[in-house]
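Taking it in order: structure first as structure tokens, then the write-up.
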Amino acid sequence: MRILVTGATGTVGRHVVRELIDAGADVRALTRDPRRAGLPARAEAVTGDLTRPGDLRDALKGVERLYLFPEPDTAREVMALAGEAGVRRVVVLSSGAVTAGYDTSYHLPVERAAEESGLEWTHVRPGEFAMNHVALWGPPIRTERVVRHPYPDLESRPVHERDIADMAVTALLADGHTGRAYAVDGPAPLTLREQVRAIAAALGEEIRFDEVTPEEAREHYLRQGGFAAENADMLLGFTDYEGNPVDPEQDEGPGADPGPTADRDTGQHADPGTDPGTGTDTDTAGSSAPCFPAATATGRPARPFAAWARDHADDFR
């Protein structure tokens, strides 16, 4: 059985490739630059870009199942090409923001394209990626051993990227998941201060938490550049998920809206996400998919944040 993995060099995609290979699947991995992808030798790395759907014509030949990285502008064209090529099943990397009702323009259109394609489909909806912390907190921790944020007691449930991959691989390989969405979250809510302590414990060094104003935190993120600067306003409550201005003093505050996640294919978009809460079985706004906790499908509990921090300690050194 041949499976095409798009976004194969992304935070989740890399793990999907490795897990599928370990399970004995024939894996074709789509990436913009196979020579620099660093994928396992047993994966057939092919050149392609979801923003140019025509690139997928050859990549889809002989493929039975598809792991789809979200690219809303071309999702319908990609799904049409998949159907023409004989693909029978698609698993969409979506977002808990769909479950929460915040996402109507990014992941939701990709979900709808899959649902209307005539293929078997499953949506994987992760909450906040733990990998956000490498993108947001990594630079100040590495240089100053400090995190600056206005809300030390804000709770979230960061999810290990391997838990997301586990759910995607389960849906790709096993039957019984068609027409469902699965929420993937960390096992328990932790305050931001507790998350910083877990990273400090993994490093074996103290990390200071400086409580600052939202405006001061935004200035730090803007100076930091990259992912932090691109998403500062949404992360700190100055805009909502769709980019509309809000007053952080009058709104429910960060955490009410979802934040972005640093899951990227090399050179591709960040993948927005959110904490969808308990992930109970419920119909969600704008989507026909009932949503279930991932553990009901994988049979495995979510990895704790402390384990993620140990896995990524070197990213903060």
Going by atom type alone, with no hydrogens or angles, which donor-acceptor pairs under 3.5 Å involve a side-chain atom of residues 175-182 and a protein atom two or more places apart or on another chain?
{"residue": "Asp175", "atom": "OD1", "partner": "Arg89", "partner atom": "NH2", "Å": "2.7"}
{"residue": "His177", "atom": "ND1", "partner": "Tyr182", "partner atom": "OH", "Å": "2.7"}
{"residue": "Arg180", "atom": "NH1", "partner": "Tyr182", "partner atom": "OH", "Å": "3.4"}

Begin from the C-alpha positions of Thr6 and Glu71 and carry the test side-chain hydrogen bond (donor to acceptor under 3.5 Å, both in side chains) through to its verdict.
CA-CA 10 Å; Thr6 63; Glu71 182 53 64; over 6 Å; no
Find out whether [X] and [Y] are in side-chain contact, i.e. whether some heavy atom of one side chain is under 4.5 Å from a heavy atom of the other.
{"X": "Trp137", "Y": "Gln195", "value": "yes"}
{"X": "Val147", "Y": "Ile207", "value": "yes"}
{"X": "Arg300", "Y": "Asp166", "value": "yes"}
{"X": "Leu172", "Y": "Val16", "value": "yes"}
{"X": "Pro70", "Y": "Leu93", "value": "yes"}
{"X": "Val5", "Y": "Leu30", "value": "no"}
{"X": "Leu68", "Y": "Val91", "value": "no"}
{"X": "Glu128", "Y": "Arg157", "value": "no"}

Indicate the ring-plane relationship of His123 and Trp121, choosing parallel, tilted or perpendicular according to the 30° and 60° boundaries.
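Rings of His123 and Trp121: parallel, under 30°.
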Any idea how Trp308 and His133 line up, ring-wise: parallel (<30°), tilted (30 to 60°), or perpendicular (>60°)?
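Correct class here is perpendicular.
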Evaluation steps, side-chain contact (heavy atoms from CB on, under 4.5 Å), between Phe305 and Glu194
CA-CA 10 Å; Phe305 183 76; Glu194 290 171 330; over 6 Å; no
Exam field: side chain [X] to backbone [Y], donor-acceptor pair closer than 3.5 Å:
{"X": "Arg28", "Y": "Lys61", "value": "yes"}
{"X": "Thr31", "Y": "Pro34", "value": "no"}
{"X": "Asp163", "Y": "Arg303", "value": "yes"}
{"X": "Asn244", "Y": "Asp240", "value": "no"}
{"X": "Glu242", "Y": "Thr104", "value": "yes"}

Start with the C-alpha gap between Val90 and Tyr67, add the side-chain angles, then the distance that decides, and say whether side-chain contact (heavy atoms from CB on, under 4.5 Å) holds.
CA-CA 6 Å; Val90 58; Tyr67 169 79; over 6 Å; no
With a sphere of 6.0 Å drawn around [atom1] of [X], does it hold more than 12 non-hydrogen atoms of other residues, nucleotides or ligands?
{"X": "Arg57", "atom1": "CZ", "value": "no"}
{"X": "Arg223", "atom1": "CZ", "value": "yes"}
{"X": "Glu116", "atom1": "CD", "value": "yes"}

Working to the nearest 0.5 Å, report the span between CG of Asp49 and CZ of Arg32.
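Going from the CG atom of Asp49 to the CZ atom of Arg32 covers 4.0 Å.
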In Å and rounded to the nearest 0.5 Å, what is the CD to OH distance from Glu216 to Tyr221?
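If I round to the nearest 0.5 Å, the distance is 13.0 Å.
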Output every pair passing ring-ring contact (aromatic ring centres under 6.0 Å, His included) with a member in residues 18-56, not counting sequence neighbours, ordered by first then second residue.
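Not a single pair qualifies under ring-ring contact (aromatic ring centres under 6.0 Å, His included).
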Restricting to pairs with a member in residues 7-62, which pass ring-ring contact (aromatic ring centres under 6.0 Å, His included), not counting sequence neighbours?
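Qualifying pairs, neighbours excluded: none.
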Take Asp33 and Thr47, measure what side-chain contact (heavy atoms from CB on, under 4.5 Å) needs, and give me the verdict at the end.
CA-CA 6 Å; Asp33 189 349; Thr47 303; over 6 Å; no
Residue pair Pro139 / Gln224: nearest heavy atoms and the distance that separates them:
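Closest pair (atom of Pro139, atom of Gln224, distance): CG-NE2, 3.5 Å.
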Locate the shortest heavy-atom distance separating Thr213 from Pro150; write the atom from each residue and the value.
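That closest heavy-atom pairing would be C-CB, 3.9 Å.
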From CA spacing to verdict: side-chain hydrogen bond (donor to acceptor under 3.5 Å, both in side chains), Thr191, Glu155:
CA-CA 4 Å; Thr191 66; Glu155 290 186 338; over 6 Å; no
For residues 129-143, which residue pairs pass the salt bridge (charged side-chain N to carboxylate O under 4.0 Å, His left out) check, not counting sequence neighbours?
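Every pair satisfying salt bridge (charged side-chain N to carboxylate O under 4.0 Å, His left out) with a residue in residues 129-143: there are none.
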Using side-chain contact (heavy atoms from CB on, under 4.5 Å), reason through Ser117 and Arg76 one step at a time and then give a plain yes or no.
CA-CA 8 Å; Ser117 67; Arg76 290 192 178 275; over 6 Å; no
One thing to verify: whether [Y] and [X] come together as a salt bridge, which I'm taking to mean a side-chain N less than 4.0 angstrom from a carboxylate O.
{"X": "Arg14", "Y": "Glu161", "answer": "no"}
{"X": "Arg208", "Y": "Glu144", "answer": "no"}
{"X": "Arg125", "Y": "Asp185", "answer": "no"}

What residues, two or more places apart in sequence or in another chain, satisfy side-chain hydrogen bond (donor to acceptor under 3.5 Å, both in side chains) together with Arg193?
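Once residues adjacent in sequence are excluded, Arg193 has no partner under the side-chain hydrogen bond (donor to acceptor under 3.5 Å, both in side chains) criterion.
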Run the side-chain hydrogen bond (donor to acceptor under 3.5 Å, both in side chains) check on His160 and Asp311 step by step: do they pass?
CA-CA 10 Å; His160 199 305; Asp311 289 345; 2.8 Å; yes
Mind listing the side-chain donor-acceptor pairs of residues 18-27 below 3.5 Å, one per line with the distance, residues two or more places apart or on another chain?
{"residue": "Asp26", "atom": "OD2", "partner": "Arg2", "partner atom": "NE", "Å": "3.1"}
{"residue": "Asp26", "atom": "OD2", "partner": "Arg2", "partner atom": "NH2", "Å": "3.4"}

